[in-house]
Protein chains: 2
Amino acid sequence: MKIAEVSKRYGIPQETLRYYERVNVIPKIARENGIRNFTEDDCIWVQFAKCLRAAGLSVEAIIEYRRLTLIGDSTIEARCELLKSEREKLIDQKRSIDEALELLNYKVSRYEEAVKTGVLSWDKK
Amino acid sequence: MKIAEVSKRYGIPQETLRYYERVNVIPKIARENGIRNFTEDDCIWVQFAKCLRAAGLSVEAIIEYRRLTLIGDSTIEARCELLKSEREKLIDQKRSIDEALELLNYKVSRYEEAVKTGVLSWDKK
DNA sequence: GTATGATTTAAAGTTGACTCCAAGTTAGGT
DNA sequence: ACCTAACTTGGAGTCAACTTTAAATCATAC
């Protein structure tokens, strides 16, 4: 699979895919006549990276995880700890979002009331 | 209230508070002999910014919201739309996090099994 | 076989959000 | 009055994560 297809399939710019390969977020892609040919296994890494990046994991964390997988079974515990640590961060982040959502919901409800009734009642909280 | 106290109260570096003031994330703080004296109203903005930034809103979005509030009641609808749009983004972001959490939970459970049993069973998904 | 479009590389540039620095006030304790 | 700590400003620097550029090579339709 050429880079254009992978790019389209996952909605990731080609430039970003090349960058991901360069910094080891994804594997080194085998070339055919100098042109990248993504395997399905490569695509699994692309998808993995996309999922985790979208959630907010750092590129560095993914690189480290990949580094550990390449070493082999001796790093299973380290990988497990890494993923658990990232999972905790995501849970914290979700809590922050929930707090912001509560604030936004309150504000929006007041604004919508104001738009309808002309009265803007405000607890300022 | 001086900047050190505000910094401590909200866990935001003084440098960041000054930066927030400079770019209008928070109000221009009144000076006493050249030294900032934060009012409680100023602090409400600090808290507001902290909450929204922690959730991932851009500094720019908060600046724009503040700009609208300074104009007055004529911008109530615009502010409402802005906050609703940011709310949608947060909901999307939460969904991304949930997807990543599902993936991480799966991987962690497999790794924990492997640590205990010595067998790493892998669906590769 | 030639024009057009896709792909390659290395390197430089951009963006957002801080973060640090230097040089100069101001405040508070003794 | 003096020392030290806290505060000020403007500007430069940093960092992560891309994104763009340029010049070259490869693929493909005609």
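Reckoned from all heavy atoms, side chains included, excluding hydrogens, waters and symmetry mates. Chain naming here is simple, since letters A, B, ... match the order of the sequence lines and numbering starts at 1 in each.
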Which residues pass the side-chain hydrogen bond (donor to acceptor under 3.5 Å, both in side chains) test with A:E64, sequence neighbours left out?
A:R67
Can you name the residues that form a side-chain hydrogen bond (donor to acceptor under 3.5 Å, both in side chains) with B:R110, not counting sequence neighbours?
B:S121
Tell me: [atom1] of [X] to [atom2] of [N], nearest whole Å?
X	N	atom1	atom2	result
B:E15	D:dA12	CD	C1'	15 Å
A:I12	D:dA17	CD1	P	14 Å
A:I29	C:dT9	CD1	C1'	16 Å
B:R22	C:dT19	CZ	P	13 Å
B:L17	D:dC7	CG	P	11 Å
B:F38	D:dC7	CZ	P	10 Å

By ring pair (Phe, Tyr, Trp, His ring centres under 6.0 Å), which residues pair with B:Y111, not counting sequence neighbours?
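B:W122.
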By salt bridge (Lys or Arg N to Asp or Glu O under 4.0 Å) - contacts of [X] (at least two apart):
X	value
A:K50	none
B:E112	A:K84
A:E40	A:R9
B:R18	none

Could you run through nucleotides 22-30 of chain D and give me one letter per nucleotide, 5' to 3': B if any protein heavy atom sits under 4.0 Å from the base, S if only the sugar-phosphate is that close, - if neither?
----SSS--
Between the protein and nucleotides 13-17 of chain C, are there any N/O to N/O pairs under 3.5 Å, and if so, what are the atom names and distances?
unit_1	atom_1	unit_2	atom_2	d
C:dA17	OP1	B:V59	N	3.3
C:dA17	O3'	B:R53	NH2	3.3

Excluding sequence neighbours, so at least two apart, what forms side-chain contact (heavy atoms from CB on, under 4.5 Å) with A:R22?
A:Y19
Under 4.0 Å from OP1 or OP2 of [N]: is there any side-chain N or O of [X] that close?
X	N	value
B:T16	C:dT19	yes
B:R36	D:dT8	yes
A:Q14	C:dA6	no
B:R18	D:dT8	yes

So, does A:N37 use its side chain to make a donor-acceptor pair with the main chain of A:E32 at under 3.5 Å?
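No, the answer is negative, given that no donor and acceptor are paired below the 3.5 Å cut-off.
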Given 3.5 Å as the limit, does a donor-acceptor pair link the side chain of A:T117 with the main chain of A:E113, or not?
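Such a contact is found between A:T117 side chain and A:E113 backbone.
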Of all pairs that satisfy ring pair (Phe, Tyr, Trp, His ring centres under 6.0 Å), the ones with a partner from residues 53-91 of chain B, not counting sequence neighbours
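Residue pairs passing ring pair (Phe, Tyr, Trp, His ring centres under 6.0 Å), neighbours aside: B:F48-B:Y65.
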Rounded (10°) bend between the five-pair end axes of the helix from C:dG1-D:dC30 to C:dT30-D:dA1
10°
